[in-house]
Every structure is written in C-alpha cells, then in structure tokens.
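Below is one structure, written out as structure tokens; the observations come after it.
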Amino acid sequence: MKLSKLPSIKSLRTFLAVASSLNFSKAAEKLSISQGAVSKQVLALEKQLGLALFDRCVNGIELTEAGKRFLPKVTEALHIIESSSADLLQSNLTQDQLNISVTPSFASLWLVNRLESFLTDVPNIHVNIRTGDEANKFDDGDNDIVIRCLPTSLNYEQATLICREQLFLLGSSELLQQKPITNKRQLASHTFIPHLTRPELWQHFKTEQNISSNLNYHAIGYEHFYMSLSAVQSHYGLALIPDFMAAHFLEQGVVQNPLGISLQSQYGYYMSIPHYKKDSRNVVRFCLWLEQYFSKAFC
C-alpha cells in the first residue's frame with residue numbers, strides 16, 4: 001500500500017473507539033463527534049482497506065476476523081505514535097541531552113536528591129536517568145555515562161574509580177531507642193538484614209569487628225541497598241549501607257550508626273564513558289561535578 005493510501009490517524013482512532021465499545025453511539029460520545037460521522041469514517045476505512053472490520057446486525061456490531069486481527073496492531077501503533085510524540089515534547093530538542101545509567105541504589109539514595117544542584121550549575125540541559133546493574137556495552141550509543149558498583153580487585157577498561165565502598169552499620173532511631181547499642185555485645189539482641197547479592201558482607205563484618213557469636217538474620221533478604229535501607233526505616237533490623245547513600249538519612253536523624261562503625265568492602269563505584277564521548281561538554285561538566293562532591297565528602 002502506498003503511503004498516500006495509508007489510513008489516517010483520525011480514521012484509526014475512530015476504529016479503535018468503536019472496537020473498544022462495540023457501539024457507534026458511545027464511540028461518537030468519546031470522540032465528541034456525531035454518530036453519523038463515526039459511521040462514515042468507519043465505512044471509509046473499510047472501503048480503503050477493502051475489508052469489512054465490523055459485522056452489523058440487529059443486536060449491535062461485532063468485530064470481523066479481519067477486525068480482530070487489525071485491532072491489536074492499531075492499538076500498538078497508536079500507542080507508539082503517542083509515546084514517541086510525548087517523549088519528543090518532553091525532551092525538548094532545544095536543550096542538550098545527557099544520558100546517565102546508574103545502579104538503582106545510587107540513583108534513589110544519592111543522585112536523585114542531588115541532581116538539582118547540577119542543573120543549577122549547568123542550566124539548559126535535559127538529563128535522562130536510567131538504572132541497571134548489568135555489564136554495559138556502549139555500542140548502542142544510548143548512555144553517555146555509566147556508573148556501576150564493581151569488585152576493586154579487577155581492572156576495568158575505560159572506567160574510573162569514583163570511590164571505594166565504605167559501609168555504615170545502620171539502625172532506625174526508633175529501634176535503637178528501644179534497644180540501645182553502646183557496645184558490640186549488645187549486637188546479639190538485634191536482627192541483621194541479609195543482602196542477597198552480597199551474602200559475604202555480614203561475615204566480613206564479623207571478621208573485621210572480631211565478633212565470634214552467631215548473628216540473628218531477618219527472614220527477608222534484599223537485593224539492593226535502597227531496599228535494605230527501607231527495611232531499616234521500617235525497624236526490621238540492622239543493615240550495612242554505603243556511607244554516601246546513608247548521609248542524607250543520618251542528617252535527618254531517622255537512622256543512626258550506633259557504634260560509629262565503618263567497614264570498607266571489596267567493592268568500589270566506577271564511572272565509564274565511551275571513548276568518543278569523553279570530550280562532550282556535558283559529560284565533562286557532570287564528571288567534574290561528581291568528582292568535586294566525592295573528593296570533598298567520603299572518598
């Protein structure tokens with residue numbers, strides 16, 4: 001079918017309205033046009049396609065087999081058009097774009113709360129934040145900057161270490177008021193929240209703190225630090241959380257590090273940039289902003 005003979009968006013919307021209600025009157029009401037206009041548009045579409053899309057009968061209308069095959073495709077196509085149009089309008093092509101991929105916890109516990117300060121320093125830029133933990137490939141061109149938490153024992157091509165991971169032992173202020181911890185012996189009365197992707201953390205904690213007794217673990221383990229911190233805030237027990245992710249919540253007083261314990265893990269936060277994007281103005285600006293914070297703060 002030539003492009004000039006393709007159905008119009010208007011006729012497809014009308015078909016979708018009729019197909020979803022199986023009623024010309026309801027479709028007309030939804031589209032704010034007359035019932036006669038709806039009927040004419042559907043008939044014109046059927047004539048254009050050379051196929052009947054509806055069976056008309058005394059008791060109403062039903063989709064034909066052709067109509068049933070056509071409906072999901074039209075629904076998907078209109079959704080893609082609407083979504084793409086909205087994305088284009090929201091991204092505002094007059095602004096520069098910066099696409100950043102970070103771990104879920106880095107995003108929710110640190111980046112989101114501080115990104116406004118970057119936008120204040122660098123106006124007229126549109127930042128897109130995506131999350132992921134997987135090993136990244138840059139050949140798709142989607143990401144300008146990728147930040148991942150990786151073992152420090154390995155070497156990573158095109159990756160720069162932002163900071164080594166320091167973990168704080170955290171409990172909610174309410175829990176610690178009820179069951180204070182002023183020495184390591186009192187840890188035995190508390191519950192410890194497992195980290196599913198880093199099961200060795202608590203054993204490392206015991207070794208570093210010279211704790212020989214068994215720990216009481218919570219029945220639910222969590223995959224990400226932001227989940228563990230949420231569990232802490234719900235008074236489920238104690239968790240190990242990266243210091244820079246915990247900083248905001250410590251300042252608010254909702255959680256505490258009762259013994260002031262800081263545990264260095266065998267992981268670090270790395271930033272990777274495709275080589276052909278390293279000189280991008282916005283990439284350089286973000287890297288300087290990020291490095292300035294971490295050089296002043298924890299790392």
Next on the checklist: Tell me which one of Phe168, Phe225, Phe106, Phe249 satisfies ring pair (Phe, Tyr, Trp, His ring centres under 6.0 Å) with Phe244.
Outcome noted: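 The residue from Phe168, Phe225, Phe106, Phe249 that satisfies ring pair (Phe, Tyr, Trp, His ring centres under 6.0 Å) with Phe244 turns out to be Phe106.
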**Prompt:** Should side-chain heavy atoms under 4.5 Å link Ile, Leu, Val, Met, Phe, Trp and Tyr, which residues sit in the same cluster as Tyr270?
**Reply:**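 ILVMFWY cluster around Tyr270 also holds Leu150, Leu154, Tyr156, Leu161.
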Minimal non-hydrogen separation, [X] against [Y], with atom names:
X      : Y      : value
Gly253 : Ser173 : O-OG, 2.5 Å
Ser21  : Ala17  : OG-O, 3.0 Å
Ser265 : Glu165 : OG-OE1, 2.7 Å
Ile193 : Ser228 : CD1-O, 4.1 Å
His224 : Ser105 : CB-OG, 3.6 Å
His190 : Pro180 : NE2-O, 4.4 Å

Examine Tyr293 and Leu288 and state if one hydrophobic cluster contains both, with Ile, Leu, Val, Met, Phe, Trp and Tyr joined whenever side-chain heavy atoms are less than 4.5 Å apart.
->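 No: no chain of side-chain contacts under 4.5 Å links Tyr293 to Leu288.
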Please tabulate, one pair per line, all N/O donor-acceptor pairs under 3.5 Å involving side-chain atoms of residues 208-219, not counting sequence neighbours.
from   : atom 1 : to     : atom 2 : distance (Å)
Gln209 : OE1    : Lys184 : NZ     : 3.0
Asn216 : ND2    : Ala188 : O      : 3.0
His218 : ND1    : Ile220 : N      : 3.1

How far does [atom1] of [X] sit from [atom2] of [Y], to the nearest 0.5 angstrom?
X      : Y      : atom1 : atom2 : value
Leu201 : Leu240 : CG    : CG    : 6.0 Å
His248 : Leu109 : NE2   : CG    : 9.5 Å
Lys277 : Asn143 : NZ    : CG    : 7.0 Å
Met245 : Asn113 : CE    : CG    : 11.5 Å
Gln41  : Ser39  : CD    : OG    : 9.5 Å

Using modelled atom types only, decide if a donor and an acceptor are shared between the side chain of [X] and the backbone of [Y] within a distance under 3.5 Å.
X      : Y      : result
Gln48  : Leu6   : yes
Arg148 : Ser272 : no
Thr120 : Glu116 : yes
Arg56  : Phe54  : yes
Asn183 : Gln186 : yes
Ser32  : Ala28  : no
Asn23  : Ser25  : yes
Asn257 : Gly260 : yes
Thr207 : Gln203 : yes

Side chains of [X] and [Y], heavy atoms from C-beta outward: is any pair under 4.5 Å?
X      : Y      : value
Leu71  : Phe15  : yes
Leu238 : Ile181 : yes
Ile241 : Leu169 : no
Tyr222 : Pro194 : no
Leu187 : Phe205 : yes
Asn128 : Ile100 : no

I want to check a possible cation-pi pair here: Arg164 against Tyr267, using under 6.0 Å from ring centre and within 45° of the ring axis as the test.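 No, Arg164 does not sit over the ring of Tyr267.
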Just do the ring-ring contact (aromatic ring centres under 6.0 Å, His included) check on Phe294 and Tyr269 with the steps written out, would you?
CA-CA 11 Å; Phe294 279 99; Tyr269 289 83; 8.0 Å; no
Sort out for me which residue in Arg281, His126, Arg285 forms a side chain to side chain donor-acceptor pair (under 3.5 Å) with Asp96.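 Checked Arg281, His126, Arg285 against Asp96; only one passes side chain to side chain donor-acceptor pair (under 3.5 Å): Arg281.
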Return a table of donor-acceptor pairs under 3.5 angstrom between the side chains of residues 57-69 and protein atoms on other chains or two or more places apart.
from  : atom 1 : to    : atom 2 : distance (Å)
Thr64 : OG1    : Ala52 : O      : 2.6
Thr64 : OG1    : Leu53 : O      : 3.3
Thr64 : OG1    : Ala66 : N      : 3.4
Thr64 : OG1    : Gly67 : N      : 3.1

Check: Hey, what's the ring geometry for Phe192 with Trp202, parallel, tilted or perpendicular (30° and 60° as the breaks)?
Finding: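 Aromatic pair Phe192/Trp202 classed perpendicular.
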*asked:* Other residues, nucleotides and ligands only: do more than 12 of their heavy atoms fall within 6.0 Å of NZ on Lys40?
replied: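 For Lys40, atom NZ is not crowded (no more than 12 foreign heavy atoms under 6.0 Å).
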